[in-house]
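Below is one structure, written out as structure tokens; the observations come after it.
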Amino acid sequence: SQKIEQNSEALNIQEGKTATLTCNYTNYSPAYLQWYRQDPGRGPVFLLLIRENEKEKRKERLKVTFDTTLKQSLFHITASQPADSATYLCALVSGGYNKLIFGAGTRLAVHP
Amino acid sequence: GAGVSQSPSNKVTEKGKDVELRCDPISGHTALYWYRQSLGQGLEFLIYFQGNSAPDKSGLPSDRFSAERTGGSVSTLTIQRTQQEDSAVYLCASSLAQDPSYNEQFFGPGTRLTVL
């Protein structure tokens, strides 16, 4: 069956460290993969998109990698700040269709 | 520029009643999506509208759920004979879909539905 898996346990890190979140998928062949941030009581907000022919994408302190062989994406936040505390969702699109399938998300807590 | 708006923000209803949830997408966005998010869970796809094409209803959990999009803009999600398991946050999103390789979705704040 098709699955998208994100670590269900919260990730607790110290301010200034790099946070790394994992998204694994099975039985999909996504053309691209997206990462969203969701704060409590709010809708998700788009962060980054990475295509299948891209190995890495950066935006300010954010970096996303996409390994289609391992069927995995890693999401990194460098020099993390307490304001980065939120739930981070990965989502993928299979083929050229616009329908996004979301993972359950990983909650990140950055402690001062 | 206005983002995606949803109304009401909160809805409390009694089991068996019908409810209507509204979504106003960003002007010019041809794609509109409805998702459901239960407490502590990820987003569950419900339905997708793209322009004048027939909607993708593959995520609707039962025939009590329906949605329409009038004039390619505002959408209404209707739940008939609500059940307690329908309690969740219902999120709407829209996107520019001309380029399928770039499909950022813009989400509304959601409607929190509580069925007593």
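Atoms considered below: every heavy atom in the structure, side chains included; atoms not considered: hydrogens, waters and symmetry mates. The sequence lines fix the lettering, A, B, ..., with proteins before strands; numbering per chain opens at 1.
Within residues 82-90 of chain A, the residues that have a heavy atom under 4.5 Å from a heavy atom of chain B are Leu89(A), listed by number. Contacts from residues 102-112 of chain A to chain B, taken as heavy-atom pairs separated by less than 4.5 Å, involve Phe102(A), Gly103(A), Ala104(A) in sequence order. Contacts of residues 80-88 of chain B with chain A at a heavy-atom distance below 4.5 Å are absent; not one residue qualifies.
Residue Trp35(A) is not grouped with residue Leu74(A) when hydrophobic side chains (ILVMFWY) are merged at heavy-atom distances under 4.5 angstrom, including chains of intermediate members. Tyr90(B) and Tyr48(B) fall into different hydrophobic clusters, where Ile, Leu, Val, Met, Phe, Trp and Tyr residues are linked whenever their side-chain heavy atoms come under 4.5 Å apart, directly or through other members. In terms of hydrophobic clustering, with Ile, Leu, Val, Met, Phe, Trp and Tyr side chains grouped at heavy-atom distances under 4.5 Å, Leu21(B) and Tyr33(B) are assigned to different clusters. Note on Leu32(B): it clusters hydrophobically with Ile47(B), by side-chain heavy-atom contacts below 4.5 Å among ILVMFWY residues. Grouping the Ile, Leu, Val, Met, Phe, Trp and Tyr side chains by contacts below 4.5 angstrom, directly or via other members, places Ile50(A) with Tyr25(A).
For chain B, no part of Gln6(A) is nearby; none of its heavy atoms comes within less than 4.5 Å. Only the side chain of Gln37(B) comes within less than 4.5 Å of a heavy atom in chain A; its backbone stays farther off. In this structure, no portion of Ser9(B) lies under 4.5 Å from any heavy atom of chain A. For a residue to count as touching a neighbouring chain, one of its non-hydrogen atoms must lie under 4.5 Å from one of that chain's; by this rule Leu91(B) touches chain A with the side chain only.
By the neighbour-count criterion of 12 heavy atoms within 6.0 Å, atom CD of Glu14(B) is sparsely surrounded, having that number or fewer from other residues, nucleotides or ligands. Dense packing is recorded around CZ of Arg64(B), with more than 12 heavy atoms of other residues, nucleotides or ligands lying under 6.0 Å away. The local environment of CG in Leu39(B) is sparse, with at most 12 non-hydrogen atoms from other residues, nucleotides or ligands closer than 6.0 Å. Within 6.0 Å of CG on Asn52(B) lie no more than 12 heavy atoms contributed by other residues, nucleotides or ligands.
Annotation for Val45(A): hydrophobic cluster partners, listed by chain and number, are none (ILVMFWY side-chain heavy atoms under 4.5 Å, direct or chained).
The residue among Cys92(B), Gly42(B), Gly108(B) with the most heavy atom pairs within less than 4.5 Å of chain A is Gly42(B).
Rounded to the nearest 0.5 Å, atoms CZ (Phe45(B)) and CD1 (Ile101(A)) are 7.0 Å apart.
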